[in-house]
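Along the sequence shown, residues carry numbers from 1.
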Amino acid sequence: MGFLDFYKWVLPDQAAHLNGYRDNEQLYNMALAFWDDLNSASIWFLILFIALGLILVCFYYYGYNKWPGRKYKVWQWAVWIAVTYFITMIATDAIGSTIVTTTLKEKSGFLLRISLVNGLYSMIVYFIASLIICNIPVPTNAYRFLKIVK
């Protein structure tokens with residue numbers, strides 16, 4: 001079971017990509033196996049962006065803001081959402097390079113696209129979790145700038 005549909009909007013069409021290899025059966029089979037690997041790895045990409053988004057937002061609100069010094073500024077929150085993006089992007093590329101085994105030259109480009117999108121998805125998870133944390137009565141030293149109801 002794969003979740004490659006989360007990434008279809010940044011990846012080329014599978015049929016068009018495979019069509020480029022129709023004249024060479026060996027490369028066609030490699031490309032088909034590559035798509036199968038991407039599809040099976042997509043569940044790990046999904047788990048990764050959700051987990052890292054939640055872990056890093058929890059660290060920001062419950063760990064980082066308890067360190068000495070004032071960190072109650074919106075720019076501190078923005079720094080941590082950017083950190084979430086880059087950590088997710090790097091982790092996705094590392095996991096993808098490990099799981100997806102192929103010698104096709106397109107591998108790195110496809111994984112880069114998936115990594116960029118995973119970073120974006122983790123930022124969305126971070127934002128939604130921040131919105132929830134700011135609006136429920138849980139103890140945190142962080143500035144609740146996303147509080148909707150006062």
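- Here the CD1-CD1 distance, from Ile81 to Ile124, works out to 9.0 Å after rounding to the nearest 0.5 Å.
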Yes or no on ring pair (Phe, Tyr, Trp, His ring centres under 6.0 Å) for Trp35 and Phe110, after CA distance, side-chain angles and deciding distance? CA-CA 10 Å; Trp35 278 98; Phe110 278 47; 5.5 Å; yes
Pair Val79, Tyr64 - check side chain to side chain contact (heavy atoms under 4.5 Å, CB included), show working. CA-CA 12 Å; Val79 165; Tyr64 178 71; over 6 Å; no
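- Smallest separation of non-hydrogen atoms from Leu111 and Gly96: CD1-C, 3.6 Å.
- Under the 3.5 Å distance criterion, the side-chain polar atoms of Tyr121 are matched with a main-chain donor or acceptor of Phe6.
- Heavy-atom minimum distance, Thr84 versus Leu52: CG2-O, 4.4 Å.
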Kindly indicate, with the supporting measurements, whether the criterion side chain to side chain contact (heavy atoms under 4.5 Å, CB included) is fulfilled by Thr92 and Ile114. CA-CA 8 Å; Thr92 301; Ile114 290 172; 4.1 Å; yes
Determine, step by step, whether Leu116 and Val10 satisfy the side chain to side chain contact (heavy atoms under 4.5 Å, CB included) criterion, reporting the C-alpha distance in whole Å, the side-chain angles of both residues, the deciding distance to 0.1 Å, and the verdict. CA-CA 9 Å; Leu116 293 170; Val10 294; over 6 Å; no
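- Note: Trp77 and Tyr126 meet the aromatic proximity criterion, with ring centroids under 6.0 Å apart.
- Residue Leu46 comes nearest to Tyr7 through the heavy atom pair N-OH, 3.8 Å, listed as atom of the first residue, atom of the second, then distance.
- No more than 12 heavy atoms of other residues, nucleotides or ligands shown are found within 6.0 angstrom of NZ on Lys105.
- Put simply, CE on Met30 and CG on Leu18 are 12.5 Å apart, with the number rounded to the nearest 0.5 Å.
- Both Phe86 and Ile95 belong to a common hydrophobic cluster when Ile, Leu, Val, Met, Phe, Trp and Tyr are linked at side-chain heavy-atom distances under 4.5 angstrom.
- Ala91 and Leu48 make their closest contact through C-CD2, 3.6 Å (heavy atoms, listed as atom of the first residue, atom of the second, distance).
- Partners of Tyr62 according to the ring pair (Phe, Tyr, Trp, His ring centres under 6.0 Å) rule, which considers only residues two or more places apart in sequence or in another chain, do not exist here.
- At a threshold of 4.5 Å between side-chain heavy atoms, the hydrophobic network of Ile, Leu, Val, Met, Phe, Trp and Tyr places Val57 and Ile47 in one connected group.
- Transitive grouping of hydrophobic side chains (ILVMFWY, heavy atoms separated by less than 4.5 Å) brings Tyr21 and Leu11 into a common cluster.
- The distance between the ring centers of Trp75 and Phe145 does not fall below 6.0 angstrom.
- Checking side-chain atoms of Asp37 against main-chain N and O of Ile99 turns up no donor-acceptor pair under 3.5 Å.
- To the nearest 0.5 Å, atom NZ of residue Lys147 and atom CD1 of residue Ile133 are 12.5 Å apart.
- In terms of heavy-atom proximity, Tyr85 sits nearest to Gly119 at CD1-C, 3.1 Å.
- Asn29 CG to Asp36 CG: the interatomic distance, rounded to the nearest 0.5 Å, is 10.5 Å.
- Separation of atoms CZ (Phe59) and CG (Asn65) is listed at 9.5 Å; rounding is to 0.5 Å.
- Ser42 places a side-chain N or O within 3.5 Å of a backbone atom of Asn39 that can act as its donor or acceptor partner.
- With hydrophobic clusters built from ILVMFWY side chains whose heavy atoms lie under 4.5 angstrom apart, Met123 shares a cluster with Val83.
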After noting the C-alpha distance and the side-chain angles of Val117 and Trp9, does the key distance pass the side chain to side chain contact (heavy atoms under 4.5 Å, CB included) rule? CA-CA 10 Å; Val117 170; Trp9 62 278; 3.8 Å; yes
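- Panel note: side chain Asp93, backbone Ser115; no donor-acceptor pair is recorded below 3.5 Å.
- Nearest heavy atom pair, residue His17 against residue Ala31, reads CE1-CB, 4.2 Å.
- For the atom pair OG1 (Thr102) and CG (Leu32), the distance works out to 11.0 Å, reported to the nearest 0.5 Å.
- Both Tyr28 and Leu104 are members of a single hydrophobic cluster when ILVMFWY side chains are connected at heavy-atom separations under 4.5 Å.
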